[in-house]
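Below, chain A is the first sequence line, B the second, and so on; all start at residue 1.
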Amino acid sequence: MRYSETFIPTLRDDPADAEVVSHKLMTRAGMIRKVAAGIYTYLPLGWRVIGKVEQIVREEMTRGGAQELRMPAVQPAELWRESGRWGVYGKELLRVNDRHDRQFCIGPTHEEVITDLVRGEVRSYKQLPLNLYQMQTKFRDEIRPRFGLMRGREFIMKDGYSFDADEPGAEATYRRMEEAYRRIFSRMGLDFRAVEADSGQIGGSFSHEFMVLADTGEDDVVSCTACSYAANSEKATSRVAAPESRPTPPLESVETPAVHSVEEVAVFLKTSPDRLIKTLIFDTADPEADDPAAARKQEADRFVAVLIRGDREVNEVKLVNHLKVTAARLATDGEIARLTGGPVGFSGPVGLKGVRIVADHSVKALTDAVSGANHQDRHHVHVQPGRDFPLADTVDLDTARAGDGCPRCDGTLTVQRGIEVGHIFKLGTKYSQAMNATFLDPEGKKKPFVMGCYGIGVGRTAAAAIEQNHDARGIIWPMAIAPAQVLLLCMNMKSTPLVEAAEKLYTELEAQGIEVLYDNRPERAGVKLTDAELLGIPLLLVMGDRGLERGVVEVKERRSGDVTETPLADTAARVAARVREALTSRA
RNA sequence: CGGGGCGUGGCGCAGCCUGGUAGCGCACCUGCUUUGGGAGCAGGGUGUCGGAGGUUCAAAUCCUCUCGCCCCGACCA
């Protein structure tokens with residue numbers, strides 16, 4: 001690639017609308033341009049990176065036994081009605097009508113299409129297992145697209161779907177995919193964690209997320225410092241020490257004038273937050289419900305009182321999953337007053353009527369506790385869970401925190417930020433049952449396929465690589481996904497002997513099979529060097545008149561800044577060896 | 001969706017409060033000089049001031065509507 005013939009519009013300043021470093025640098029390095037909110041054009045250099053990521057994914061998926069195909073971006077509503085998701089997917093699903101007024105959507109994912117395909121073609125257990133994937137442009141109409149390619153509305157995703165005859169087969173396929181994913185992100189040179197995850201909207205029973213560790217990530221990754229336990233904070237559990245147990249005297253109501261928060265109550269009653277029962281009233285009404293009948297039905301048990309120890313925080317994802325609702329929001333002040341009979345800040349489980357109570361495990365272990373009395377300026381002391389209020393529904397609703405004990409070993413948990421670049425699910429028979437996708441087993445009995453699904457955000461992976469690998473001057477690409485492996489920079493295009501030598505080296509490098517971007521622009525040295533660092537190509541070859549006189553080329557490593565000189569004659573071979581070494585050392 | 005902010009040459013921004021001939025830096029074009037870390041001098045303006053209405057002798061500036069973009073968002077029991 002000759003720089004002079006390649007469209008690389010670099011920018012001197014950060015774009016005004018970019019917030020995170022990957023968005024800023026990809027824009028400045030001439031890799032992407034925004035077209036609309038969450039919608040981008042990939043310019044030639046950016047597209048090369050996307051191609052690199054896709055190719056690694058492709059190779060490892062193939063090794064993992066999957067086959068590539070390609071499904072349509074536009075999907076008929078009919079399939080989504082069949083799976084039941086047309087009604088529940090919400091506003092993220094971009095719906096369109098064709099000229100005959102038939103309904104379609106722009107695919108945010110492809111379970112329906114793939115299940116429809118397989119049920120039509122696969123009849124026998126002998127045709128299983130089957131694992132199919134594609135690289136495709138998806139559209140999800142996100143509430144708030146942001147951060148460039150990290151959370152776009154239109155984005156490129158590798159999505160794969162597996163079909164097995166039974167659970168053990170599905171688990172084996174799942175493990176093969178998990179291994180494939182580890183290889184993929186390792187080859188890309190990324191620092192990542194495979195974490196246990198909430199299975200979310202797509203549903204299913206078992207899932208792992210692949211998180212690239214970076215401070216700008218939108219997810220919290222909880223991991224143990226001693227063992228291999230790692231989980232998304234939405235799912236993570238911890239070993240929480242209970243306060244010292246002591247006998248509970250009879251329940252008593254005390255005056256607590258104008259103390260609302262857990263901290264205030266603890267100070268006022270000369271106790272500690274871990275002896276308090278925090279009571280939060282949640283409203284579980286579906287904010288996007290468009291079915292009035294269902295909304296009314298839900299109205300009856302719409303509010304839930306959630307109990308948790310005063311020093312802990314409720315994990316709303318766990319709550320939503322436990323209650324099997326679509327959302328849970330804190331109730332308004334007015335609703336709290338109506339339901340509990342007392343103002344905000346004085347809610348408690350004792351004597352609470354007409355509201356379902358759900359408690360976190362941390363509450364069960366409490367003795368001689370404190371809670372609100374559902375009355376202005378009053379709290380209960382000497383509260384005994386089970387004695388003073390029923391403890392029928394006790395589950396894990398706690399948010400794991402750094403410093404908590406690991407649930408698997410004696411270690412301690414830490415929390416790091418991560419970017420979710422991949423997600424694998426065991427789907428089970430959710431879609432195959434809904435869509436009547438079956439095969440005949442050896443006994444001639446009809447059985448639903450046992451499915452799995454496996455996604456990788458291709459653009460997001462590229463962005464995550466930048467979040468993890470950059471410095472003040474620009475991007476530092478890992479060799480495997482760099483837009484080119486080597487940047488050959490001719491410092492002075494007016495020097496005929498220098499240009500001749502550079503052209504020769506360029507040809508030699510290409511002959512070695514190395515991807516070279518040859519900066520042959522008639523620019524000043526400073527401009528070219530600055531652009532070189534912005535673009536982040538891992539190896540920079542600088543050719544100047546001074547070096548030429550001595551018959552050497554400077555080889556500068558982008559990441560370390562280390563410079564070595566090599567004799568002009570063996571530069572191509574040596575550089576090619578370094579590139580190959582960098583590509584294999586991660587595999 | 002709610003709250004806040006911003007739309008002015010390619011990019012980054014000033015001008016708006018207090019209406020009066022659209023400006024700065026970079027980029028870009030021409031010439032000369034310069035040439036190992038974003039050059040200097042001289043010349044050049046490449047603009048529906050997001051759009052539509054309105055007020056006014058006069059609107060980038062004031063008013064209304066609208067479109068787009070960015071940020072924040074129940075943390076409280």
Handout entry: Nearest-nucleotide pick for A:E316, side chain only, options being B:A74, B:G38, B:G36
Key = B:A74
Problem - C1' gap between B:C24 and B:U18, integer Å - result: 23 Å
Completion exercise
Ranking A:A36 and A:T10 by the position along RNA chain B of their nearest nucleotide, the one closer to 5' is A:T10
Practice task
Using atom CZ of A:R401 as one end and atom P of B:C75 as the other, report the distance to the nearest whole Å.
Solution key: 17 Å
Completion exercise
Sorted by chain and number, sequence neighbours left out, salt bridge (charged side-chain N to carboxylate O under 4.0 Å, His left out) with A:R578 holds for A:E557
Exercise for the section: Please list, by residue number, the residues of residues 261-277 of chain A whose heavy atoms come closer than 4.0 Å to an atom of RNA chain B; answer none if no residue qualifies. Expected result: A:S261, A:V262
Problem - Same-atom distance (P) from B:G44 to B:G12, integer angstrom - result: 26 Å
Fill in the blank from the handout: A:I281 atom CD1 is separated from B:C75 atom C1', nearest whole Å, by 16 Å
Practice task
Give one of base, sugar-phosphate or nothing for A:G348, where a contact means two heavy atoms less than 4.0 Å apart.
Solution key: nothing
Practice task
Send over the distance from A:I39 CD1 to B:C70 C1', rounded to a whole Å.
Solution key: 16 Å
Practice task
Would you indicate what A:A331 reaches in the nucleic acid, counting non-hydrogen atoms under 4.0 angstrom: base, sugar-phosphate, or nothing?
Solution key: base
Exercise for the section: Not counting sequence neighbours, which residues clear salt bridge (charged side-chain N to carboxylate O under 4.0 Å, His left out) with A:R12? List them please. Expected result: none
Handout entry: Qualifying residues under salt bridge (charged side-chain N to carboxylate O under 4.0 Å, His left out), relative to A:D14, sequence neighbours excluded
Key = A:R28
Problem - Atom P, compared across B:G19 and B:G25: separation rounded to whole Å - result: 28 Å
Exercise for the section: Could you tell me which nucleotide pairs with B:C6 by Watson-Crick or G-U wobble geometry, both distances under 3.5 Å, or answer none if nothing does? Expected result: B:G68
Completion exercise
Shortest non-hydrogen pair, A:L366 vs A:P243, comes out as CD2-CG, 3.7 Å
Practice task
Indicate the atoms forming the closest heavy-atom contact of A:M493 with A:N520, along with that distance.
Solution key: CE-O, 3.2 Å
Practice task
Please state the C1' separation for the pair B:U30 and B:U66 - nearest whole angstrom.
Solution key: 44 Å
Completion exercise
From the candidates B:C70, B:G12, B:G37, the one with an atom nearest any side-chain atom of A:L529 is B:G37
Practice task
Could you check whether A:D531 gets within reach of a base, just the sugar-phosphate, or nothing at all, counting any heavy atom under 4.0 Å?
Solution key: base
Exercise for the section: Specify the residues of residues 17-29 of chain A, ordered by number, for which at least one heavy atom lies under 4.0 angstrom from an atom of RNA chain B. Expected result: A:D17, A:E19, A:R28
Problem - Any pair counted as salt bridge (charged side-chain N to carboxylate O under 4.0 Å, His left out), so long as it reaches residues 266-278 of chain A, sequence neighbours left out - result: A:K278-A:E313
Practice task
Scan A:R146 against the nucleic acid and name what it touches under 4.0 Å (heavy atoms): base, sugar-phosphate only, or nothing.
Solution key: sugar-phosphate
Practice task
Sort out the partner of B:C1 for me: Watson-Crick or G-U wobble, both distances under 3.5 Å, none otherwise.
Solution key: B:G73
Handout entry: Taking every non-hydrogen atom, the tightest pair across A:S238 and A:D398
Key = OG-OD2, 3.8 Å
Handout entry: C1' spacing across the pair B:C26 / B:U46, given as an integer number of angstrom
Key = 15 Å
Practice task
Scan residues 363-386 of chain A for pairs that pass salt bridge (charged side-chain N to carboxylate O under 4.0 Å, His left out), counting only residues two or more places apart or in two chains.
Solution key: A:R246-A:D368, A:E255-A:R378
Handout entry: Residue pairs fulfilling salt bridge (charged side-chain N to carboxylate O under 4.0 Å, His left out) with at least one residue in residues 380-395 of chain A, sequence neighbours excluded
Key = A:R356-A:D393
Completion exercise
Between CG of A:D13 and P of B:A14 the distance, given in whole Å, is 13 Å
Practice task
Look at the side chain of A:E533 against the base of B:G38 and say whether a donor-acceptor pair falls under 3.5 Å; ignore hydrogens and angles.
Solution key: no
Problem - Spacing of A:L541 atom CG relative to B:G36 atom C1', expressed in whole Å - result: 15 Å
Problem - Nucleotide nearest A:S347 (side chain, heavy atoms from C-beta), chosen from B:G36, B:C71, B:A77 - result: B:A77
Completion exercise
Applying the 3.5 Å cut-off to both distances, the Watson-Crick or G-U partner of B:G36 turns out to be none
Handout entry: C1' spacing across the pair B:G45 / B:A27, given as an integer number of angstrom
Key = 13 Å
Problem - P-based separation of B:A42 from B:U21 [nearest Å] - result: 27 Å
Fill in the blank from the handout: In Watson-Crick or G-U wobble terms, with both distances under 3.5 Å, the base opposite B:G53 is B:C63
Completion exercise
If pairing means Watson-Crick or G-U wobble with both distances under 3.5 Å, then the partner of B:G43 is B:C29
Look for any protein N or O under 3.5 Å of an N or O in nucleotides 27-35 of chain B and output each such pair with its distance, or none.
{"unit_1": "B:U34", "atom_1": "O2", "unit_2": "A:R524", "atom_2": "NH1", "d": "2.8"}
{"unit_1": "B:U34", "atom_1": "O4", "unit_2": "A:K494", "atom_2": "NZ", "d": "3.4"}
{"unit_1": "B:U35", "atom_1": "O4", "unit_2": "A:K494", "atom_2": "NZ", "d": "2.7"}

Exercise for the section: State which of B:A77, B:G73, B:C69 makes the closest approach to the side chain of A:K34. Expected result: B:C69
Practice task
Take atom P in B:C62 and the same atom in B:C17, then report the distance between them in whole Å.
Solution key: 5 Å
Problem - Selection from B:G73, B:G36, B:G38 that lies nearest to any side-chain heavy atom of A:T530 - result: B:G38
Practice task
Using both distances under 3.5 Å as the test, list the Watson-Crick or G-U wobble partner of B:C24, or none.
Solution key: B:G12
Do any side-chain atoms of residues 30-40 of chain A form donor-acceptor pairs under 3.5 angstrom with protein atoms, and if so which ones, sequence neighbours left out?
{"unit_1": "A:R33", "atom_1": "NH1", "unit_2": "A:T27", "atom_2": "O", "d": "2.7"}
{"unit_1": "A:R33", "atom_1": "NH2", "unit_2": "A:P9", "atom_2": "O", "d": "2.8"}
{"unit_1": "A:K34", "atom_1": "NZ", "unit_2": "A:D17", "atom_2": "OD2", "d": "2.4"}
{"unit_1": "A:Y40", "atom_1": "OH", "unit_2": "A:H23", "atom_2": "NE2", "d": "3.4"}

Exercise for the section: For A:G372, report the nucleic acid contact type (base, sugar-phosphate, nothing); a contact means any heavy atom under 4.0 Å. Expected result: nothing
Exercise for the section: Under the salt bridge (charged side-chain N to carboxylate O under 4.0 Å, His left out) rule, collect the residues that match up with A:D141, sequence neighbours excluded. Expected result: A:R153
Problem - Distance, rounded to the nearest Å, where A:I308 contributes CD1 and B:C75 contributes C1' - result: 12 Å
Problem - Nearest non-hydrogen partners of A:M1 and A:A484, listed with the distance - result: CE-CB, 4.0 Å
Handout entry: Nearest-angstrom distance from the residue atom CG of A:D220 to C1' of B:C75
Key = 14 Å
Exercise for the section: List the atom of A:A29, the atom of A:L535, and the distance in Å for their closest heavy-atom pair. Expected result: O-CD2, 3.4 Å
Handout entry: Residue pairs passing the salt bridge (charged side-chain N to carboxylate O under 4.0 Å, His left out) test where at least one lies in residues 466-477 of chain A, sequence neighbours excluded
Key = A:D471-A:R558, A:R473-A:E533
Practice task
Specify the separation, in whole Å, of atom CZ of A:R521 and atom P of B:G36.
Solution key: 16 Å
Practice task
Look at A:K91 and B:C1 and indicate whether a side-chain polar atom (N or O) is within less than 4.0 Å of OP1 or OP2.
Solution key: no
Handout entry: Closest approach of A:A462 to A:V49 (non-hydrogen atoms, all atoms of both residues)
Key = CB-CG1, 3.8 Å
